[in-house]
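The next block holds one structure in the form of structure tokens; read it before the comments.
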Amino acid sequence: MAEQWRSRNLLDRMHIDAPLLVALLAVCLIGLVVLYSASNRSIDVVLRQAIHFGIGLGVMLTIAQISPERLMRWAPLVYAGGVALLIAVMLVGTGRGAHRWLELGGFRFQPSEIMKLAVPLLVASYLRDRSLPPTATEALLGALIIAVPALLIAEQPDLGTALLVASSGMFVLFLAGLPWRMIGAVLALGVAIAPIAWRFMHDYQKQRVITLLDPAADPLGTGYHTIQGMIAVGSGGLYGKGWLNGTQSHLEFLPERATDFIFAVYCEEFGFVGVVVLLSAYALVIIRCLRIAFVSQHVFGRLLAASLTLTFFVYVFVNMGMVSGQLPVVGVPLPLISYGGTAVVTLFAGFGMVMSIQTHRKFIANI
Amino acid sequence: MKARRKPAAMANLRHSVLVVNRRALFAGAGMVLLILLLLLRLGYLQIIKADHYATLSQNNRLKVIAVAPPRGLIFSREGELLADNRPSFALVLDTGKVRPIDATVAELRELLQLRDEQLETFRGELRSRGRVNELTLISRLTERQVAVFSVNAHRFPGVRIDARLSRFYPDSRYWAHLIGYIGRISEQDLTEIDAANYRASTHIGKTGIERTYERILHGSVGYRQVEVNAQGRELRVLEETPPRPGHDIYLTVDASLQRLALDALGDRRGAIVALEPATGAVLALVSTPSYDTNPFVDGISSAAYAALRGAPDRPLYNRALQGLYPPGSTIKPVFALAGLDGGYRTPTTRTPCPGWYQLPDSSRIYHDWEHSGHGQVDLKRALAESCDVYFYALARDIGITRLVTFARQFGFGVPTGIDLPGESSGLFPSPEWKRKTHDQPWYPGDTLNVGIGQGYTLVTPLQLAFATAVLARRGHAITPHVAGQIEDPLVRVAVEPHFEDRLVVRLRAEEHWDEAIAGMEEVVHGTRGTARRTAADATYRYAGKSGTAQVFTLAQDLAQRTDKVAAQLQDHAWFIAFAPVQDPQIAVAVLVEHGGGGSSVAAPIVRRLLDHHLLGASAPPDAEAAPATLPEDADGGAMAE
């Protein structure tokens, strides 16, 4: 008991949750291994991703130092700042086809990434000491918090991210006990709006939906990604073709193989066994985060940790579903496996909040 | 903050925690469910459908490329190259990868400065064979076009330059009707060939030797299994079965004789067939006018093709094999033999010739070409002077049925079986034939016309050359053929196709041959022979027979004055010969369309051919120096009816 206390003390002082850290590092390690193969043995790419991980870990540890109370207090500020940046993007943003990026002194970033955290943070903060489930007014206000950035992002247009941001906030409302009938009403509204939304969708967005329904319709066009992804996954079989031996990826049949379709590379080279291993690593992360949510002794912590976990899971599920041909190609990277700095940093920032909730627990509980 | 919380708030908090816990548990359950769903899906793909996707992945990665065998070459008897394969660069387009095709073709047209007619063939193929993966856009790119495309290749995925071998016929005009040409494989061809063996082939023999010996010349397809990347670039060869090249063919044709024959006809329409009697080998086979076969290889433009087809002298028409002409007097030696063998005549039997002939119960007069008549005519004189009255009487005595039977033995009315496509069987009329096709009875006068080679009888120059060879070899015949040796270029072993030597005409007495041949010798060497002038200084003995095939039946006086008859209405000139008489080395038939008299026009050509073949190229072309027209010699393709 005493020994345990001491070790906890040591990690607590750094506000690190060891099980979560280990699980995350396991996923990151798998990520680097796949990336080496997916990038055609580019040490350069692997090193850069490792640097992303390093920055991400730094951000995570930094945020973990911030107490949940301070996070609550900063929530409106972060949110307001994010919305301001989204408006700025609308006016002066850059990017191919869609305005998503903001350039600040040679540094490019997507403000929509901030909203992935700011939205659940503010909604959780807003509901933190209201009696749950929320009343209709509270739910509506929560919906408004979600809707503003979601619509701004959809306008860029980046439908995928808008949906992800919206869902991250909606998860908070769901966890807060939003009545089922309201959820039902929202879903019904969604179905009703879908045909109208279809008319406002860009052609490439429509095409993605069509492709999902029938990927063989245009095997050289938009269906190509889906078909080649499925071929890569399926041809991996039970044990895979072996690391660096994936023909689909190395002969360039797979598009976006270091980013959105990296899971296909993984499936091809490591097979179903590898899939089980990777899903287990993700499961460890998710289980640990959910446990943190359960043992958190304040509503804010529970709401935020659980909603971030759900969002993380959604990324995993949507990406894998997309690669295995079950969901449309929406451009969601596989968390901590796909190459890319922004996503890594955002994810680690989220886990930083979760760690903050866990490592500040005793302090709050003692009060 | 929490310290200030009231007990009611604490209860509230506890309730709120409960709410969140319940939802979190629900979410957890949902996640478990979705992960199971994902595992199920991935398991389905990776375990149940693994083989299916493994195959698809292999198909992605591996490409089996068919490799066309190099086509066999064609040489003359002496080894002169007549059909060659030359390296060329073609632009090919993968219809499965290029999209949209029209826009790409338009862009390429601009870039490579192609003309519309160059794309004609491609457009046709795109319509008919669009499903086939690779289509040739342009067959022979210029060096400049190759360079321009190579620089811009990245703009045209699915379009590539293919290095291949293209057929080229050097000096093709001399060989057009013999060798023929190859062309793009058509829809029609596809139904007749083994598609697997032609997977990589783009061309197929269309006419001539190229067509007859297609199977030998083509060879067998090879395969190369390669690994390709998504752009279709070949990364490495995994397995290779090289193609078996087509076999080379050495023709029996003597290139110099062939050239001489075509040049001798000059700009006159006609045909020459020269055979080696002992072997059946074709020594020369020409049809004029000739044409250049090279444009056909990669698809002749429709304008050029229409011009060839529509030309009044019909260069595409192979007169040697397909041209049908009355044999005229050239058939007389055959009937002379029929008369001797059937006992209707002896060599010394004389027939009086007053210049005309009349059937007993008819008032109709059948004229001899010599108005004043030939006097008392025996067999030798009848042949030498080509007396029509002698043969009118002979034909009537023999009767049409026996004439038909006898003539058939010499190959009249049946194809010779030469190894060239499109041969016509000619026509030797019989009463049954006339009843069937003309719904008319056979009149006695018809028999008389048959007797002098006019009327319904039609032969090809090849048939007549064949019959001459049969005469030369006294009844023996070998199927005429053009292919001499067939050589496998890999092992350099040549095989010679075997042609059976068979006795086609068996006479009761061998001397009958001597009599008929003596008559033919008299034609050229005799003092009254129709072709005596062309043979005047010959250093060898040869046997010949002139003939004139009537084109139109003209009023007699008009026909006599050839200068007044338009060229189109002039008779066709024939001359057949073999030499030397004692040991025949060559049998030849020459036809000059609308040439007028056989002795004056065709006989000198025969003389030059014989000189060339027997004395060598160094022989002085005396025959050419001979007077061009000798009206008094003009042979009697008599004026029947």
Side-chain angles (χ1 to χ4, degrees), chain A residues 69 127 129-133 171 174-178 220-221 227-228 230-238 240-241 247-248 250-255 267-268 271-272 275-276 279 282-283 286-287 290 293-294 297-299 302-303 305-307 309-310 313 316-317 320-321 324-326 364 367, chain B residues 1-3 5 8-9 11-28 30-32 34-62 96-99 157-158 227-233 235:
Chain A
E69 285 196 306
L127 295 173
D129 42 31
R130 292 172 207 277
S131 82
L132 298 180
F171 287 145
F174 169 79
L175 289 163
L178 189 72
L220 293 175
I227 289 171
Q228 295 301 337
M230 277 162 66
I231 290 174
V233 172
S235 66
L238 189 57
K241 294 175 184 170
T247 55
Q248 282 289 101
H250 290 283
L251 299 176
E252 299 164 27
F253 289 100
L254 268 180
C267 286
E268 188 184 20
F272 190 67
V275 168
V276 172
L279 276 177
Y282 277 130
I286 289 165
I287 289 167
L290 272 187
F294 272 111
Q297 286 178 343
H298 49 87
V299 173
R302 279 163 192 263
L303 285 177
S307 74
T309 311
L310 271 173
F313 169 80
V316 174
F317 181 79
M320 289 185 177
S324 58
Q326 286 175 301
I364 291 167
I367 294 172
Chain B
M1 195 164 145
K2 290 233 158 108
R5 230 179 254 286
N12 236 344
L13 176 70
R14 211 161 284 135
H15 180 251
S16 293
V17 164
L18 220 64
V19 166
V20 176
N21 276 0
R22 226 174 21 225
R23 282 293 167 94
L25 271 174
F26 187 88
M31 284 190 276
V32 169
L34 287 176
I35 284 180
L36 283 179
L37 212 77
L38 203 59
L39 277 173
L40 221 64
R41 168 69 177 178
L42 289 165
Y44 169 76
L45 290 180
Q46 297 195 292
I47 296 166
I48 295 171
K49 299 283 273 183
D51 286 343
H52 170 69
Y53 285 110
T55 310
L56 288 183
S57 149
Q58 289 294 74
N59 289 351
N60 259 350
R61 176 174 84 94
L62 303 177
K97 285 202 175 125
V98 176
R99 202 155 291 191
E227 187 174 69
V228 294
N229 67 6
Q231 282 78 50
R233 225 183 69 216
L235 301 179

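For the numbers below, each heavy atom of this structure counts, side chains included, while hydrogens, waters and symmetry mates do not. Each chain gets a letter, A, B and so on, in the order the sequences are listed, and its residues count up from 1. Model, not experiment: these values are computed from the prediction.
At distances below 3.5 Å, not a single donor-acceptor pair connects side-chain atoms of A:Arg302 with backbone N or O atoms of B:Val20. Counting only distance, with no hydrogens or angles, the side chain of B:Arg61 and the backbone of A:Phe253 share no donor-acceptor pair below 3.5 Å.
Within the model, atoms NE2 of A:His250 and CD of B:Glu227 stand 11.0 Å from one another, a figure rounded to the nearest 0.5 Å. Atom CG of B:Asp51 sits about 11.0 Å away from atom OG of A:Ser235, to the nearest 0.5 Å. Distance check: B:Gln58 CD to A:Thr247 OG1 gives 6.5 Å after rounding to the nearest 0.5 Å. Rounding to the nearest 0.5 Å places CD of A:Glu252 at 8.0 Å from CG of B:Leu235. In this structure, the separation between CD1 on A:Ile231 and CG on B:Leu45 is 11.0 Å, given to the nearest 0.5 Å. From A:Leu132, atom CG reaches atom CZ of B:Arg23 across 10.5 Å, with rounding to the nearest 0.5 Å.
Residues B:Leu39 and A:Phe272 approach most closely at O-CE1, 3.5 Å, considering heavy atoms. Nearest heavy atoms, A:Gly177 versus B:Val19: CA-CG1, 3.5 Å. Here the shortest heavy-atom pairing between A:Val275 and B:Gln46 reads CG2-OE1, 3.4 Å. Between B:Gly28 and A:Leu290, the shortest heavy-atom contact is CA-CD1, 4.2 Å. The minimum heavy-atom distance between B:Leu42 and A:Ser324, with the atom names listed, is CD2-CB, 3.8 Å.
Interface remark: of the candidates A:Gly236, A:Gly237, A:Ser131, A:Ser307, A:Gly237 forms the most heavy-atom pairs closer than 4.5 Å to chain B. Each of B:Arg41, B:Lys49, B:Arg22 has some count of heavy-atom pairs under 4.5 Å with chain A, and the biggest count is that of B:Arg41. Chosen from A:Tyr282, A:Phe174, A:Phe294, the residue pairing most often with chain B at heavy-atom distances under 4.5 Å is A:Phe174. Taking chain B as the reference chain and counting heavy-atom pairs below 4.5 Å, the highest number among A:Lys241, A:Gln248, A:Arg130 is found for A:Gln248. Highest contact tally toward chain B, considering only A:Ala306, A:Gly321, A:Cys267, is held by A:Cys267 [criterion: heavy-atom pairs under 4.5 Å].
The shortest side-chain heavy-atom distance between A:His298 and B:Ser16 does not fall under the 4.5 Å cut-off. The closest side-chain heavy-atom distance from B:Tyr53 to A:Val233 is not below 4.5 Å. Residues B:Asn60 and A:Leu251 are not in side-chain contact: their nearest non-hydrogen atoms beyond the backbone lie 4.5 Å or more apart.
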Apply side-chain contact (heavy atoms from CB on, under 4.5 Å) to B:Leu34 and A:Phe313, showing your working.
CA-CA 10 Å; B:Leu34 287 176; A:Phe313 169 80; 3.6 Å; yes

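Of the two parts of A:Leu279, only the side chain, counted from C-beta on, holds a non-hydrogen atom closer than 4.5 Å to a non-hydrogen atom of chain B. Looking at A:Leu254, there are no atoms closer than 4.5 Å to chain B (heavy atoms on both sides), in backbone or side chain. Interface residue B:Phe26: only side-chain heavy atoms are found under 4.5 Å from chain A. Heavy atoms of A:Ala176 lying under 4.5 Å from chain B belong exclusively to its backbone.
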